[in-house]
Amino acid sequence: MAVRFIGNKQKLLDFILHKVIEETKLTSGLFVDLFTGTTSVAVGAKNLGFDVITNDKLISSFIYSKAGLLVNEEPRFENLLPNIKVNVSTLFEQPYDLVLQYLNDSPELEGLFYKEYAPGGSAEHLSQPRQYFTDSNAKKIDAIRTKINYWYKNKLIDDIERSLLISSLILATNKVANISGTYGAYLKSWYNRALEEIELKRYPLFYSNGKYSVFNEDANNLVKKLKTADIVYIDPPYTKRQYNAYYHIPETLAIGDNPKIWGKTGQRPRQGDETSAYCYKREASNALHDLVINVKARHIFLSYSTDGHISHNEILDILSTRGEPKYWGVDYKRFRSNNPESEKIKDLKEMLYYVEVVN
């Protein structure tokens, strides 16, 4: 699943899951992913044969989890299909494909995305128009999200079907967004990919008969309520970047509202409890300590970056409260997207820590 997302573990997935199997000797049991993000690790655990619990405070990540974990057979859209006109052909045999075809054929609509995130609409009320999307792509996003929300409100699709369609929409939107890495800023010039026509495609689905649960809570509170797991995987924010600010547009798609936005980049209104303690240098270490001491699990894995707020030695001290930690480092490069005109590659190590819990 190609999602531009801070800390996305897709490229490190094989390494992480290899170490999980090597250290625990497990390919089944309960796997808990407390900061699931794009769900790549959680879905990888699902494919290995684990029962999985995911959690994330972002609504968009919560939506990904529903699609990636809770859809375990080919979607039928039984209530919707009798109420829409679709062009049936041999290329579109499954209900999911028919619905995507219908959405892709939607006539353009001038809504929130056109008025606020495209140059044509935002020029009407901003001296410096926003250009996250071309006018035509923004209008198509407005049309698609309006249809999905109408279907859900009128019970033509259920919550899981809505999550699946919204996940497809977020992926398609991400592909044509005029950004370098996050939605914290748009580019002043158009990337070639942003000029392509948006097209919804199937969200990657992996079917299984395991047990899966998804949560949208503060991880430090959730661990106190969960039953004992075989493996808990922890991948908290590393730096000052507040994810709800950097992914405000996927959040709006996931929530399905029309917020009164503000600022140069069109941010959503924020509540105080939306911020993460892990994004503050003075709070991150205490937050991780509180989390680790309350985790109920046989095995704990922690992913963290060498440019994170919490030092390597601090992490070892925290994990030592539960057992004898091990760790591995992987060379990892990422770009800083704060200033797209002067992107700099920085050499980093992505650290994977492990402790077999003894207390």
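We number each residue from 1, following the sequence as shown. Predicted model, so just to flag it, every value in this text is computed and none were measured. All values below come from the heavy atoms of this structure, side chains included, with hydrogens, waters and symmetry mates left out.
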Original post:
Closest approach of Pro250 and Ser60, non-hydrogen atoms and distance?
Top reply: O-CB, 4.0 Å
Original post:
Are Val232 and Tyr304 grouped together when hydrophobic residues (ILVMFWY) are joined by side-chain heavy atoms under 4.5 angstrom apart?
Top reply: yes
**OP:** Give the cluster check for Ile261 versus Tyr114: same hydrophobic cluster or not, with ILVMFWY residues linked at side-chain heavy-atom distances below 4.5 Å.
**Re:** no
Original post:
Is there a path of hydrophobic side-chain contacts, each under 4.5 Å between heavy atoms of I, L, V, M, F, W or Y residues, that connects Leu70 with Leu169?
Top reply: yes
Original post:
Does some side-chain heavy atom of Ile148 sit less than 4.5 Å from a side-chain heavy atom of Ile157?
Top reply: yes
Original post:
Taking only residues two or more places apart in sequence or in another chain, which ones pass side-chain hydrogen bond (donor to acceptor under 3.5 Å, both in side chains) with Ser311?
Top reply: Glu314
Subject >> Distance-minimising heavy-atom pair for Thr39 and Ser61 >> reply: CG2-O, 4.2 Å
Original post:
Does any pair with a residue in residues 19-55 pass ring-ring contact (aromatic ring centres under 6.0 Å, His included), and if so which ones, sequence neighbours excluded?
Top reply: Phe31-Phe50, Phe35-Tyr278
Original post:
Is any side-chain heavy atom of Leu288 less than 4.5 Å from a side-chain heavy atom of Ile315?
Top reply: yes
Subject >> By side chain to side chain contact (heavy atoms under 4.5 Å, CB included) - contacts of Leu205 (at least two apart) >> reply: Val71, Pro75, Tyr96, Leu164, Arg202, Tyr203, Tyr207
Original post:
Among the clusters formed by ILVMFWY side chains lying less than 4.5 Å apart, do Leu48 and Tyr212 turn up in the same one?
Top reply: yes
Original post:
Mind checking what makes side chain to side chain contact (heavy atoms under 4.5 Å, CB included) contact with Thr27, not counting sequence neighbours?
Top reply: Ile21
Original post:
Between Tyr327 and His312, what is the ring plane arrangement, given parallel below 30°, perpendicular above 60°, and tilted in between?
Top reply: perpendicular
Subject >> Stepwise side-chain hydrogen bond (donor to acceptor under 3.5 Å, both in side chains) check, Lys46 with Asn72 >> reply: CA-CA 11 Å; Lys46 173 184 179 178; Asn72 285 296; 2.7 Å; yes
Original post:
What salt bridge (charged side-chain N to carboxylate O under 4.0 Å, His left out) pairs are there with at least one residue in residues 148-167, not counting sequence neighbours?
Top reply: Lys66-Asp159
Subject >> Flag side-chain contact, heavy atom, 4.5 Å: Val41 against Leu13 >> reply: yes
Original post:
Given side chains that start at C-beta, do those of Leu112 and Pro259 come closer than 4.5 Å, heavy atoms only?
Top reply: yes
Original post:
Tell me the ring-ring contact (aromatic ring centres under 6.0 Å, His included) pairs involving residues 140-169, sequence neighbours left out?
Top reply: Tyr102-Trp151
Original post:
Between Phe113 and Phe133, how do the two ring planes meet: parallel, tilted or perpendicular, split at 30° and 60°?
Top reply: tilted
**OP:** Would you please name every residue forming a salt bridge (charged side-chain N to carboxylate O under 4.0 Å, His left out) with Lys281, sequence neighbours left out?
**Re:** none
Subject >> Contacts of type side chain to side chain contact (heavy atoms under 4.5 Å, CB included), residue Asp218, not counting sequence neighbours >> reply: Lys57, Asn220, Asn221
Subject >> Partner residues of Leu195 under the side chain to side chain contact (heavy atoms under 4.5 Å, CB included) criterion, sequence neighbours left out >> reply: Thr134, Trp190
Subject >> By salt bridge (charged side-chain N to carboxylate O under 4.0 Å, His left out) - contacts of Glu197 (at least two apart) >> reply: none
Original post:
Tyr64 and Gly37: which non-hydrogen atoms are nearest, and at how many Å?
Top reply: CD1-O, 3.5 Å
**OP:** Measure the acute angle between the ring planes of Tyr117 and His248, then classify it against the limits of 30° and 60° as parallel, tilted or perpendicular.
**Re:** tilted
Subject >> is_close_aromatic(Tyr233, Phe301), centroid dist under 6.0 Å >> reply: no
Subject >> Under the salt bridge (charged side-chain N to carboxylate O under 4.0 Å, His left out) test, residues paired with Asp257 that sit two or more places apart >> reply: Arg268
Subject >> Side-chain heavy atoms of Glu350 within contact of Tyr238, under 4.5 Å >> reply: yes
Original post:
Which pair of heavy atoms, one from Asn216 and one from Ile59, lies closest together, and at what distance?
Top reply: OD1-CD1, 3.1 Å
Original post:
Does a side-chain heavy-atom distance below 4.5 Å link Tyr280 with Asn286?
Top reply: no
**OP:** Mind running salt bridge (Lys or Arg N to Asp or Glu O under 4.0 Å) on Lys19 and Glu22 for me, showing each step along the way?
**Re:** CA-CA 5 Å; Lys19 286 300 181 184; Glu22 181 180 68; 2.9 Å; yes
Original post:
In terms of hydrophobic clustering (I, L, V, M, F, W, Y; side-chain heavy atoms under 4.5 Å; direct or indirect links), are Leu126 and Trp262 co-clustered?
Top reply: no
Original post:
Under 4.5 Å between any side-chain heavy atoms of Val214 and Leu69, yes or no?
Top reply: yes
Subject >> Residue pairs passing the salt bridge (charged side-chain N to carboxylate O under 4.0 Å, His left out) test where at least one lies in residues 124-151, sequence neighbours excluded >> reply: Glu110-Lys139, Glu116-Arg130
Subject >> Validation row: Leu253, Ile141 side chains within 4.5 angstrom (heavy atoms) >> reply: yes
